[in-house]
Every structure is written in C-alpha cells, then in structure tokens.
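Below is one structure; the comments refer to it alone.
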Number of protein chains: 2
Amino acid sequence: MAREIDLLWGPRASPRRGPKPKLSREAVVGAAVALADAEGLEAVSMQRVAKELGYTTMSLYRHVDSKEDLLTLMGEAATGNAPPEPREDGDWRAGIEDWADATTRRYRAHPWMVFVQLSGPPSGPNGLRWMEAGLRELVGAGLRSGEALEMLLLITAALRETIRMEVEMGRAAAEAGTTLPESERDYARALRAVVTPERFPTLSRMLEEGVLDQEPASPPPEGGQPGGPAEGLDFGLQRILDGIDAYVRAKDGDARGA
Amino acid sequence: MAREIDLLWGPRASPRRGPKPKLSREAVVGAAVALADAEGLEAVSMQRVAKELGYTTMSLYRHVDSKEDLLTLMGEAATGNAPPEPREDGDWRAGIEDWADATTRRYRAHPWMVFVQLSGPPSGPNGLRWMEAGLRELVGAGLRSGEALEMLLLITAALRETIRMEVEMGRAAAEAGTTLPESERDYARALRAVVTPERFPTLSRMLEEGVLDQEPASPPPEGGQPGGPAEGLDFGLQRILDGIDAYVRAKDGDARGA
DNA sequence: CCTTACTGTTTAAGTAATACACAGATTTAG
DNA sequence: CTAAATCTGTGTATTACTTAAACAGTAAGG
C-alpha cells in the first residue's frame, strides 16, 4: 500500500552506465493498456505484451518488477489525470453526479480497469486527482473529511462492482450470440421456472410484473450497453444523494438548535 | 446466465450403468470450499482439490465441467440458505441493516466469495433466497419491485467491493508483517509526502485532520478486522437508508396530495 | 454372456510467470 | 586509453496451471 505509492510516484533514477535502454516503462505500460483495450485483460500476458512490442518476454522485467506491478501501472495510466473540474455554480449534487458519470465513462472506455485488483484507496497521481475531485464535492455538500472519504469509497465500490457485472454479462451475452437485454429476458424466463410464489413471494411478484423483461425506459447512456445492472445506478445514486442531503440538513439543524 | 440456473438447479440425472461413483459433486465442491476457507481462493487449483480428496486431477472433471463451474458452485454453497428471517416488528430499516450485516458476516466467514466472478444476479436456490429476503425488506419500505431490485444490487455491489478491498488490504498488511491500522498509518504517512496543498487541497486538509491515523472509534465488528474500508460501511448504509426513507415519504406525500 | 455406459487414470498438449546466467554495449576510474 | 564496472535485452529452464483424449476396469441391460 505504501510501496504502491513508491511504485507510482517513485523517481526511477536513470542509470549512469550500460547500453541505452530502447524499451521504457512507459512503452511497456502503453502497449499493455492498448492490448487490454483491444482484447481484454485476459489477453495481457507478459509474453503477449512483449510480442506486441517486438521484444522477448524477459525484457519486460527490466522495466517492471512483476506482472502485478504492471497491472497497477496500467490502472493508474488508464485513470487519466482529468477528473471533472469544480463547478462554477457550487451545486454539489450535480458535482457528484458529474463525478460518477465521468467515472462510469472512464470504466466503460477501459472495461478491464474494474478487473484490476485494488490494494487500497488510490495512490498514484491520477488516482489521487480523481479522489480529490470527488472529496471536494462531498465536503462541499457539508460532510466532514472522514465522512466524505467513507461516502466516496462506497460510491466508487458500487460503481466498480456494478460495471464489472455489466461487463461480465455483456461478455456472456456476446459469447452466446445475443444482446444483453435479450439474455436478461432469457434469465427472467429461466427464473420463472424455478421461482415459486411460496418460497419466493417477493421475487415471483417481481417476475409477474415483468421487471426484467421490459425494454429499458431510458435510452442507453452513450457508450454503455442498454440494459444490465448499470440501469439502476442512476436511481441508486439519487437515493444516496438524498441521504447525504438529509444528513447534512439534520446536522445543520442540530447545530443551529444547540 | 440462464445456463447458470441450469447448473445450480439442474436435476443431475443419476446414471444407470457403470461403476458406482465414489466421488460426488458435493464432495468436490465441499473440498474446494474447505480449501478456500483455509488457504484462500488462489490455493484452489484442480490439482490441489484432487490431492485433498486423494484422487487424480482429471477425476474432478467427471463431476464438474470446468473450474469456472466449480467456482460458481462454491459460491452458491458458501452462500448458505439461511438469510435473516422476516422481522416481527416490520421495521424495514432494521431489516435492511440485518440483511447487510448478515451478508457482511457471510463474506467475512468466506473471504474468497467476493473474488468469485459474478456473471449476473443470483441464480441458485441459496442466492435467490438471500435476494428474496433483501427484496422483501426493500419492498416493505415502500419501493416498487424494480426500484427494490436496483437498490439491492447497489447495496450488494458496495458490500462486495468494500469487503474485497478490506480482504486485500488485510492480506497485504499480513504479508508485510503488520496490522491493518498500522499499514493505514503508513499509507497516510506516505501520502503526506506526495500530497501538496496546492494540487490536493481537500485531501491534504483531510490528512492534516489525521483521518487515516486515528484509532477507530468503534470497536471492530465481530470477526472483522479493525480499520480498513469497511469502517465506513455503516455510515454509508445509513445514508442510503435515509435516502430511501426520503424518497418513499416524498412519493407517499405526492400520492396523498394528488 | 456380452454389449453398453460409466468410472477414475494416464498421458500429454498448451499457456503462463519468472529465476538465472549470458553476450554485448556503454560509461567511468585509473 | 584501457580495464573494470554496470546495465541491456536474450536464451534457457523451472514450475504450475487447465483440460483434451485415449484407456482400463466395473456394473447393469438385454
């Protein structure tokens, strides 16, 4: 965790002797990111990255200590250093929505990101910039630092896991030669065969109402697949924002009252 | 997704000829679960599970189609079929808290569960029982089916990813020979070296306040590690519940007003 | 009885991460 | 200006993993 900070901020002292390196860490990470973007994270093996660059497998280890480190570096690189700017109007709700939207778009642009194991909160320059941007909005909403951190981690966790599921479902659907909404309908159909009203009253009422069969009401967000678990992110985020709002109001009320 | 339902509910017609099987799917899954509980998911290889049972690697494939299927079966098995019972008092807030607590405890009892890829919402008998229990509370709170489903997926996503990070941080700490709170302080210390007030105003104020250095105020929940990202789950869940409450009240108010 | 279908085993193919020693390049000490 | 030191990318090898395919033995059906 602390060593991750060294990895991502470390000065990487340039050597004073020996042949000029033709490869570089940046080239290795860049090739790996390009490969993951094109063919998914499971295509990223040390051998494959090396082949992509026209070098031998072992040459990569001169620039990266291990595959794990490479993955961490890839994550930091794909994060980018351009989180949403502070809003002029100071509207914290819109600010957090922007942040969540931007994060979702980032994940959708590099779907493999959500499959890279996080070993803690962000550590690299880019990750921390995003964290700063999110915290700024939550503190602006009236939360204390610690509360803002906790909320931001929770929101990020929900986004990551939801997008992960979306990607996984999309992959499975593509593999089966269908679309995501279609395979969702298949899922609903298969569920109906096993979900009995006695054992699963709520669930079976839900299936009767056709919740999983409906065409999505809203058009899919740009770049996103229609349907899938991310459909519900917006509703959920709104409830979270409502909850923050209620909490901050109550706190202010207390403060005034005391 | 639909085939997962077959896998987890399928009738597994018993063969009419040939030698009596000594191994069984249950034994394979059980051994794999025990192994994962004891040594983590990365210890679960087909070879290792077979060795644990005293059979050859390939024998497992008579009872399980692939390692992926084995993992799915393990997840279903570790889920268990005993989600919280409906509360007598009908207190939906407490009901959802119970559900989230029980889920967290379940994840902490089998930390590897959160590393098993989900290919969609629950499909097996046990997974669906838990889903039913969660939906019941959310519908009881006044959400419509679709809304309840979306909220439950969001809450589950947040729990899973947060526990995943907790486990990962705990593992890293243990590997480094320290405790989680100690390595959190190391993290804060390392952050202070790179987080400048100009580039990271909010973050650096947070570090000044010592947010990551403090001993946790509340004692660690039973079975859980002290510190780590799960510390914030309670606060976050309360905000979500507040948000649901506000939403339902507003809806009811509208309905009465109309 | 003997064919059929099923069991667990053997063998082997293919992919992966990475340790280690090497040949050649380049800088620096003397 | 040479020799030692140091660094680069390469070649080779080890270990571990999933799983395909052919096989030998076992139990039931006709």
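Only heavy atoms go into these numbers, but all of them, side chains included; no hydrogens, no water, no symmetry mates. Because the structure is predicted, anything quoted here is derived from the model rather than measured.
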Out of C:dT18, C:dG8, D:dT6, whichever nucleotide has its closest atom nearest the side chain of A:R17: D:dT6
Would you mind telling me which of D:dC17, C:dG8, D:dT10 lies closest to the side-chain atoms of B:Y55? C:dG8
Once you round it to whole Å, what is the distance between P of D:dC7 and NZ of A:K22? 19 Å
On DNA chain C, nearest-nucleotide positions of A:S66 versus A:R62: which is more 5'? A:S66
Do A:T72 and A:E4 pair up side chain to side chain, a donor and an acceptor below 3.5 Å, judged on atom types alone? no
Side chain A:D37, main chain A:H110, donor-acceptor under 3.5 Å: no
What nucleotide, of C:dT18, D:dT19, C:dT9, holds the atom closest to the side chain of B:T57? D:dT19
Nucleotide D:dT10, atom P - distance to NE2 of A:H63 in whole Å: 10 Å
Hey, is the side chain of A:T56 poking within less than 4.0 Å of OP1 or OP2 on D:dT10, counting only N and O atoms? yes
Interatomic distance, A:K67 NZ vs D:dT15 P [rounded to whole Å]: 21 Å
What's the closest nucleotide to the B:Q47 side chain, out of C:dA16, D:dC17, D:dG11? D:dC17
Please report, rounded to the nearest Å, how far the C1' atom of D:dT18 is from the CZ atom of B:R48. 17 Å
Starting from C1' on D:dT8, measure out to CG on A:L23 and report it in whole angstrom. 10 Å
Expressed in angstrom and rounded to an integer, what is the separation of B:L60 atom CG from D:dC17 atom P? 13 Å
Other residues, nucleotides and ligands only: do more than 12 of their heavy atoms fall within 6.0 Å of CD on B:E182? yes
Under 4.0 angstrom between A:K20 side-chain N/O and C:dT27 OP1 or OP2: yes
At under 4.0 Å between heavy atoms, what does B:S45 touch on the DNA or RNA strands: base, sugar-phosphate, or nothing? sugar-phosphate
Give the rounded distance in Å between these two atoms: CE of A:M46 and P of C:dA16. 12 Å
Can you figure out which of D:dT19, C:dC20, C:dT4 approaches the side chain of A:M58 most closely? C:dC20
For atom CD of B:Q117, decide whether the heavy atoms of other residues, nucleotides or ligands shown that lie under 6.0 angstrom number more than 12. yes
Measure from the side chain of B:P19, starting at C-beta and using heavy atoms only, and say which of C:dA16, D:dG25, D:dT8 lies closest. D:dG25
Here the distance between atom C1' of C:dA16 and atom OH of A:Y61, to the nearest Å, is 9 Å
Comparing B:G54 and A:D65 on DNA chain C - which has the more 5′ nearest nucleotide: B:G54
A:K67 and A:V44: which non-hydrogen atoms are nearest, and at how many Å? NZ-O, 2.9 Å
If you check the A:P21 side chain, which of D:dT8, D:dT18, D:dA27 turns out closest? D:dT8
